[in-house]
**Student:** 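Can you read through this structure? Questions will come right after.
Lettering of chains follows the sequences in order, A, B, ..., and the numbering in each one begins at 1. Predicted model only: the values in this text are computed from it and were never measured.
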Protein chains: 2
Amino acid sequence: MFVHLYMELAEAKQKFIESWGKLGSEWGINRTMAQVHALLLITPEALTTEEIMEQLSISRGNANMTLRDLIGWGLVEKQLKPGERKEYFFADKDTWNIARQVAKERRKRELDPIIKILDELTKVKGDTKDPEYATFNKSVTDINKLAKNVDKTLETMLKAEENWFWGSVIKIFK
Amino acid sequence: MFVHLYMELAEAKQKFIESWGKLGSEWGINRTMAQVHALLLITPEALTTEEIMEQLSISRGNANMTLRDLIGWGLVEKQLKPGERKEYFFADKDTWNIARQVAKERRKRELDPIIKILDELTKVKGDTKDPEYATFNKSVTDINKLAKNVDKTLETMLKAEENWFWGSVIKIFK
DNA sequence: ATAAACTTTCAATAAATTTTGAAAGTTAAA
DNA sequence: TTTAACTTTCAAAATTTATTGAAAGTTTAT
């Protein structure tokens with residue numbers, strides 16, 4: 001049996017797709033969506049639905065819905081080639097763009113809605129002398145502050161320049 | 001039918017528990033774990049397993065395992081009252097501590113392992129002229145840089161002082 | 001040593017989430 | 001207008017994840 005000492009490209013690709021999928025699912029992102037994204041990230045050309053189905057062994061329905069989702073997240077774009085009916089899919093490979101897109105979407109989908117709810121909960125009136133109320137109010141208010149702090153930080157990040165990201169963060173935080 | 005114009009404390013508590021659970025599950029945290037955490041965050045005194053089971057309508061097994069997990073995340077501590085056999089559970093209510101703990105754990109559990117894998121994948125050799133290899137190598141290298149940047153930022157954050165968090169972030173990022 | 005008062009474990013079950021695939025829908029060429 | 005080449009949809013099935021509850025384990029008091 002042949003045992004290789006270093007990883008081959010094909011093996012490395014598989015490992016990357018698997019790991020990216022795992023990380024995604026640990027962070028509440030559909031595993032297949034992360035895997036399709038990973039595949040497109042390491043593929044130079046745009047791929048068809050058919051090719052993605054084959055490479056990841058997934059069904060047409062799954063591939064189709066996942067690709068729509070990725071487009072919805074702003075991570076993948078559809079390409080049409082002249083003279084061809086079928087659609088090609090291509091992933092933006094700029095890491096800074098990817099990070100921004102993901103931050104932008106998760107802020108919109110998950111952070112902003114909870115801030116809205118926390119704002120409501122903060123308004124609930126009660127007897128300040130009542131420890132039940134006092135504890136509720138303090139925790140909700142504090143978490144709301146935290147959430148708004150994160151929200152503003154993300155907003156600033158989204159507006160920021162790429163070089164800020166790669167350069168300044170570490171220096172500033174030192 | 002009685003319709004109230006503002007939210008009652010009991011209703012608000014339920015809403016908070018439900019929302020915190022939903023946010024947790026969107027970010028890959030077990031919904032029940034987030035709900036138990038939420039309950040403890042808005043409760044002034046330490047609670048017994050029995051009380052948590054009742055308030056959230058969950059089984060003893062579930063309550064027990066969830067509480068162990070929360071202790072493992074450094075978010076909840078066990079309290080023993082003199083003369084009593086049963087254990088009481090109390091949540092740290094300091095938002096900054098909570099944020100730090102969560103960041104610390106997710107870094108250790110999810111970020112560091114993927115960095116290790118990306119380091120391996122970055123080492124894979126190949127023909128630089130081959131677009132398949134070039135694209136793979138560039139994407140993996142870039143994502144690795146991003147991951148390490150996030151890792152270092154978290155490390156700095158973990159070391160940082162509380163007032164840095166509440167004050168500086170926004171100012172620095174402006 | 002035994003019982004009482006708890007906590008822990010984990011196989012079985014339930015619930016939630018994801019995936020499939022075939023039918024229906026769309027678009028463009030023949 | 002018909003057919004071919006696609007894409008989309010979604011109910012049913014498969015898979016994954018979470019929960020239950022009862023039995024086993026532990027600790028302390030009697």
**Student:** Near DNA chain C, under 4.0 Å by heavy atom, which residues of residues 36-52 of chain A?
**Tutor:** none
**Student:** Could I get the full list of side-chain contact (heavy atoms from CB on, under 4.5 Å) partners for B:Met65, not counting sequence neighbours?
**Tutor:** none
**Student:** Take the protein atom CZ of A:Phe89 and the nucleotide atom P of D:dT7, then report the distance between them rounded to whole Å.
**Tutor:**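 A:Phe89 atom CZ is separated from D:dT7 atom P by 7 Å.
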**Student:** Name every residue in residues 19-31 of chain B that has at least one heavy atom under 4.0 Å from any atom of DNA chain D, in order of residue number, or write none if there are no such residues.
**Tutor:** B:Asn30
**Student:** Please determine whether a side-chain nitrogen or oxygen atom of A:Asn64 lies at a distance below 4.0 Å from atom OP1 or OP2 of D:dT8.
**Tutor:**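 Yes, A:Asn64 has a side-chain N/O under 4.0 Å of OP1/OP2 on D:dT8.
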**Student:** Please tabulate, one pair per line, all N/O donor-acceptor pairs under 3.5 Å involving side-chain atoms of residues 121-129 of chain A, not counting sequence neighbours.
**Tutor:**
from     : atom 1 : to       : atom 2 : distance (Å)
A:Thr122 : OG1    : A:Leu118 : O      : 2.7
A:Lys123 : NZ     : A:Glu120 : OE2    : 3.2
A:Asp127 : OD1    : A:Lys129 : N      : 2.8

**Student:** Apply side-chain hydrogen bond (donor to acceptor under 3.5 Å, both in side chains) to A:Lys78 and list each qualifying residue two or more places apart in sequence or on a separate chain.
**Tutor:**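 Applying side-chain hydrogen bond (donor to acceptor under 3.5 Å, both in side chains) to A:Lys78 gives A:Glu87.
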**Student:** Please work out which residues in residues 67-77 of chain B have a non-hydrogen atom less than 4.0 Å from an atom of DNA chain D and list them by number.
**Tutor:** none
**Student:** Show me the donor-acceptor pairs, under 3.5 Å and distance only, between side chains in residues 52-61 of chain B and residues at least two apart or in other chains.
**Tutor:**
from    : atom 1 : to      : atom 2 : distance (Å)
B:Ser59 : OG     : B:Asn62 : N      : 3.2
B:Arg60 : NH1    : B:Glu50 : OE1    : 3.4
B:Arg60 : NH2    : B:Glu50 : OE1    : 3.3
B:Arg60 : NH2    : B:Glu50 : OE2    : 3.2

**Student:** Are A:Ile114 and A:Glu110 side-chain neighbours, meaning at least one heavy-atom pair lies under 4.5 Å?
**Tutor:**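 SC-SC contact between A:Ile114 and A:Glu110 ruled out.
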**Student:** Can you tell me how far the NZ atom of B:Lys81 sits from the OH atom of B:Tyr88, to the nearest 0.5 Å?
**Tutor:**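 Nearest 0.5 Å value for the NZ-OH distance: 5.0 Å.
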**Student:** Any salt bridge linking B:Glu26 with A:Arg106? Criterion: basic side-chain nitrogen under 4.0 Å from a carboxylate oxygen.
**Tutor:**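 Result for this pair is no, no salt bridge flagged.
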**Student:** Can you sort out the partners of B:Asp130 under side-chain hydrogen bond (donor to acceptor under 3.5 Å, both in side chains), two or more places apart, ordered by chain and number?
**Tutor:** none
**Student:** In the 5'-to-3' direction, what one-character label does each nucleotide of nucleotides 20-30 of chain D receive under the scheme B = base within less than 4.0 Å of a protein heavy atom, S = sugar-phosphate only, - = no such atom?
**Tutor:** BB-----BB--
**Student:** Does A:Ala134 have any side-chain contact (heavy atoms from CB on, under 4.5 Å) partners at least two apart in sequence or in another chain, and if so, which?
**Tutor:**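 Checked A:Ala134 against side-chain contact (heavy atoms from CB on, under 4.5 Å); zero matches.
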**Student:** Which residues pass the side-chain contact (heavy atoms from CB on, under 4.5 Å) test with A:Lys138, sequence neighbours left out?
**Tutor:**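 A:Lys138: side-chain contact (heavy atoms from CB on, under 4.5 Å) contacts with A:Asp142.
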**Student:** List for me each residue that meets side-chain contact (heavy atoms from CB on, under 4.5 Å) alongside B:Glu51, sequence neighbours excluded, and say none if there are none.
**Tutor:** B:Leu47, B:Thr48
